[in-house]
Amino acid sequence: MKSSAQNRIRSISYAKYGYYFILPFFIVYLIFQLVPLINTFRLSVYGNGNLAQDYVGLKNFAVLLFGGANRTESALHRDVFNDLFNTLILWFGNFIPQLGLSLLLAVWFTDINLKIKGKTFFKVVMYLPNIVTAASVAALFLMLFSKTKYGPINSYLIDHGFIDESSPIDFVRAKWQSRGVIMFAQTWMWFGNTMIMLMSAIMGISKSLFEAADIDGANSRQVFTKITLPLLRPMVIYTLVTSMIGGLQMWDLPYLYKEGTAWNKNTETIAVFIYNKFHIIPQNYGYSAAASVILFVITSILGCVCFAMNVDKDDKKKKALAKEQKKLAKLQSKSSFGGF
Amino acid sequence: MNNTNDNYTRKVMIKSIVIMAVLVLITIIVLAPIYILFVNATRDPQAITNHPLSFIPGTSFIRNIKETINLNKIGKISYSAWIGYRNSFFITVSATALCIFFSALTAYGLVIYDFKLSTPAYTFILAVMMVPVQVTSVGFVQFMGKLKLTDTYWPLIVPAIAAPAIVFYMRQYMKANFPTEIVEAARIDGSGELSTFVRIAIPMLKPAVGVQAIFVFIANWNNFYTPSMILISREFKQYTMPMMVESILSNDKLSDQGVRYCAIVLSILPIIVIYCFLSRLIVDNVAEGGVKE
């Protein structure tokens with residue numbers, strides 16, 4: 001028996017409150033993210049500004065992708081490709097060691113046979129760099145790897161006789177040294193995060209699989225290649241995609257890790273290009289927006305490729321099998337009907 | 001039998017020792033830069049010049065801090081820890097509060113109410129979760145300029161209301177842990193819809209709200225890109241803490257190394273303090289809720 005109050009409440013439709021509650025999110029999203037995204041696409045077909053007479057069509061893209069008639073335009077074209085290349089190099093250089101290291105650590109931490117003491121301590125320590133401000137990390141590494149003999153790293157190398165006092169290593173401007181430092185800093189910041197993500201994925205794998213492998217006498221390498229890795233694939237792909245989206249946007253470190261105000265062309269990423277074209281005179285919104293759109297397209301394509309790779313072959317087979325069975329069942333039911 | 005068993009145990013033991021050694025080595029590599037930073041912040045500038053790398057803390061910490069805080073008074077150097085802290089705390093706290101409140105509200109709206117656009121709205125939120133910031137930043141700043149909002153804090157705080165990843169997490173949490181009957185009970189007792197959310201749902205969602213608040217706070221404190229995009233005129237009075245660090249960094253007139261290290265320490269101090277107290281909670285929730293913004 002329901003009370004009258006309950007009945008009254010049942011009869012009121014509360015659907016409108018749902019709209020009220022989600023409205024702020026969508027209004028703010030519209031103004032601060034959706035309109036800006038569309039605006040970026042719009043700006044990419046204009047020159048520096050957005051007046052009707054500034055409309056240039058696809059010229060910005062043509063200049064950035066294929067170069068142009070005059071010197072400045074071909075310089076821009078060279079810069080964009082240089083920066084895209086740097087972005088990829090820096091991302092590869094940090095993602096591969098990062099994934100290798102975090103995979104190894106995650107497997108160790110989740111191994112039931114090994115009794116590692118202080119797991120939480122190690123996890124806490126290894127995650128620490130991830131929460132430190134990226135700008136401060138850049139500042140710190142710039143000071144540690146200072147190119148003069150007064151830099152801590154250089155002074156250490158000199159004191160221990162690895163290099164001569166008169167020729168300290170130029171970690172800030174030299175091509176591979178500066179890239180190396182940024183890759184290291186990036187790995188240092190992110191491997192703890194990746195490790196924890198992978199650990200939770202491994203712990204999601206059913207324990208009975210590992211036990212069964214143990215009973216069958218599989219060694220740890222077999223367990224890793226035959227059980228952990230295949231079942232971990234979705235998580236690895238997820239990490240790959242998120243890291244890639246993050247890596248393509250890499251800005252704080254490459255932007256700050258430089259000598260005073262002198263730009264280092266060896267570590268300039270595409271995000272730095274976008275920022276500089278927008279802020280540094282002679283600024284040009286058009287090129288900046290066009291580069292953003294190119295970045296957007298690259299990100300989307302790579303993301304789609306990764307997710308397409310993620311569709312498991314076994315899964316496909318299973319689906320095909322299920323379809324076949326359904327067909328059979330249908331046929332059977334039809335024939336049984338016919339018999340009836 | 002006994003022999004093979006022994007053999008096995010020994011193998012595991014050797015492996016454990018090797019792994020332990022590797023883990024300790026990694027720990028040292030991870031902590032070394034931060035340790036050197038803190039050590040150098042306590043050392044006399046002259047000592048740093050003589051021996052740039054040292055693992056023994058000095059005694060000049062108070063002196064360095066004083067010098068750092070008084071920096072803008074002695075020269076043309078645009079650095080002030082107070083202004084940086086004030087601005088960063090203001091932006092971070094308001095953005096975090098807005099982000100958490102409205103994300104919870106949006107998730108609540110999606111979970112509790114049965115309305116036509118509920119599923120499409122959720123699908124939309126999932127779809128836009130991964131659109132990177134840098135891609136939209138040009139259009140964002142230009143549009144904000146049109147609205148006369150550049151060089152103000154509005155574009156740094158208000159967008160926090162729409163955080164798809166946080167909504168996603170809150171919704172998952174609510175689906176699993178929030179008994180919807182309680183809403184109906186509140187209605188019978190005559191509670192309004194919004195007050196049910198504020199007075200009943202939010203307290204019940206405390207664990208999720210707390211964890212997300214920490215992550216959002218850290219992400220906002222560390223944000224350097226958006227402030228440097230939006231604050232076009234580079235008004236010193238508006239600098240956030242990471243911008244203060246940049247300003248110190250690009251100034252080659254500042255020769256006092258102790259002050260430089262100290263400035264970096266000050267910029268990460270709040271985060272480190274939070275981490276000291278809440279590291280367990282943070283690390284345990286990275287996998288589920290630690291979504292980067």
Side-chain angles (χ1 to χ4, degrees), chain A residues 5-6 9 14-15 17-19 21-22 24-25 28-29 32-33 35-37 39-40 43 108 113-114 116 122-129 131-136 139-140 143-144 150-152 155-156 193 196-197 200 245 249 251-252 256 260-261 271 274 278 285 288-289 292 295-296 299, chain B residues 12 15-16 19 23 26-27 30-31 33 36-37 49 52-53 102 105-106 108-110 113-115 118 121 130 132-136 138-143 158-159 161-162 167 184 187-188 193 218 221-222 224-225 242 245-246 249-250 252 260-261 264 267-268 271 275 279-280 283 286-287:
Chain A
Q6 223 163 343
I9 279 162
Y14 288 96
Y17 287 104
Y19 290 108
F21 281 16
I22 67 167
F25 178 96
V28 171
Y29 191 86
F32 290 98
Q33 290 186 50
V35 171
L37 180 64
N39 198 25
T40 308
L43 284 176
W108 281 351
N113 290 326
L114 301 166
I116 299 171
F122 286 122
K123 261 176 22 181
V124 164
V125 166
M126 287 168 191
Y127 187 68
L128 171 66
I131 58 139
V132 177
T133 319
S136 303
L140 173 60
M143 297 186 66
L144 294 180
Y150 299 115
S155 89
Y156 178 84
N193 184 290
I196 291 174
M197 303 290 257
S200 83
I245 293 174
Q249 305 178 69
W251 181 77
D252 297 56
L256 284 179
T261 47
I274 292 172
F278 194 82
Y285 293 2
S288 192
S292 303
L295 184 61
F296 183 73
T299 315
Chain B
V12 169
K15 205 176 165 191
S16 296
I19 288 173
L23 289 179
I26 293 173
T27 306
V30 167
L31 287 182
I36 296 170
L37 167 69
T49 313
L53 190 72
F102 281 99
L105 186 72
T106 312
Y108 183 83
L110 290 172
Y113 300 102
D114 197 14
F115 55 102
S118 163
M130 283 204 184
V133 208
Q134 265 81 340
V135 164
T136 61
V138 176
F140 177 59
V141 181
Q142 200 263 356
F143 184 55
V158 179
I161 290 173
V167 174
E184 206 164 295
R187 276 177 197 154
I188 293 171
E193 295 300 305
I218 292 174
W221 183 273
N222 290 347
F224 177 43
Y225 188 76
V245 171
E246 184 204 5
L249 208 61
S250 53
D252 43 12
R260 278 172 178 251
Y261 283 110
I264 300 175
S267 77
I268 64 170
I271 298 280
Y275 196 66
S279 54
R280 273 297 290 272
V283 167
V286 170

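Lettering follows sequence order; numbering is per chain, from 1.
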* Taking every non-hydrogen atom, the tightest pair across B:V30 and A:V125 -> CG1-O, 3.5 Å
* Asked: Roughly how far apart are A:F32 CZ and B:I161 CD1, rounded to 0.5 Å?
  -> 8.0 Å
* Looking at B:G139 and A:L43, what are the two nearest heavy atoms and their distance? -> CA-CD1, 4.1 Å
* Structure fact -> chain B shares the most heavy-atom pairs under 4.5 Å, among A:L295, A:T299, A:D252, with A:D252
* To do: Let me know if A:F25 has heavy atoms under 4.5 Å from chain B in its side chain, its backbone, both or neither.
  => both
* Structure fact -> chain B shares the most heavy-atom pairs under 4.5 Å, among A:I131, A:I245, A:I274, with A:I131
* Against chain A, label B:L37 side chain, backbone, both or neither, depending on which of its atoms sit under 4.5 Å from a heavy atom there. => both
* Side chains of B:F102 and A:V28 in contact at under 4.5 Å (non-hydrogen atoms) -> no
* Is chain A contacted by the side chain of B:Y113, its backbone, both, or neither, given a heavy-atom distance below 4.5 Å? -> side chain
* Aromatic plane relationship, B:Y225 with A:W251 - under 30° parallel, 30 to 60° tilted, over 60° perpendicular -> perpendicular
* **Parallel, tilted or perpendicular: ring planes of A:Y127 versus B:Y275, cut at 30 and 60 degrees** => tilted
* Which atom of A:F278 lies closest to which atom of B:Q142, heavy atoms considered -> CZ-N, 4.1 Å
* Structure fact -> Ranked by heavy-atom pairs below 4.5 Å to chain A, first place among B:L105, B:V141, B:I218, B:V158 goes to B:L105
* Asked: When you check the side-chain N and O atoms of B:S267 and A:T133, is any donor under 3.5 Å from an acceptor?
  -> no
* Before giving the answer on side-chain contact (heavy atoms from CB on, under 4.5 Å), spell out for B:T136 and A:Q33 the whole-Å C-alpha distance, their side-chain angles and the decisive distance to 0.1 Å. => CA-CA 7 Å; B:T136 61; A:Q33 290 186 50; 5.7 Å; no
* Asked: Any side-chain heavy atom of B:I36 within less than 4.5 Å of one from A:M143?
  -> no
* To do: Check whether A:S288 gets within reach of chain B through its side chain, its backbone, both or neither, counting any heavy atom under 4.5 Å.
  => both
* Asked: More than 12 heavy atoms of other residues, nucleotides or ligands under 6.0 Å from OH of A:Y156: is that the case?
  -> no
* To do: Report the option among B:S118, B:P159, B:S279 that has the most heavy-atom pairs separated by less than 4.5 Å from atoms of chain A.
  => B:P159
* What is the minimum heavy-atom distance between B:E246 and A:L256, and which atoms define it? -> CG-CD2, 3.4 Å
* Asked: Which atom names give the shortest non-hydrogen contact between A:A135 and B:V245, and what distance separates them?
  -> O-CG1, 4.3 Å
* Structure fact -> When rounded to the nearest 0.5 Å, the distance separating OH of A:Y14 from CZ of B:R187 is 4.5 Å
* A:K123 vs B:V286 side-chain heavy atoms within contact, under 4.5 Å -> no
* Looking only at heavy atoms, what is the nearest atom pair of B:P33 and A:L140, with distance? -> O-CD2, 3.7 Å
* Taking side chain as C-beta onward, heavy atoms only, is B:L31 less than 4.5 Å from A:L128? -> yes
* Answer with side chain, backbone, both or neither: which region of B:I271 has an atom nearer than 4.5 Å to a non-hydrogen atom of chain A? => both
* State the CD1-CD1 distance between A:I116 and B:I19, to the nearest 0.5 angstrom. => 5.0 Å
* Asked: Hey, which of B:D114, B:L110, B:L249 has the most heavy atom pairs under 4.5 Å with chain A?
  -> B:L249
* Asked: Do the non-hydrogen side-chain atoms of B:V135 and A:T40 ever get within less than 4.5 Å of each other?
  -> no
* Option in B:G109, B:P242, B:A121, B:A162 with maximal non-hydrogen atom pairs under 4.5 Å from chain A -> B:A162
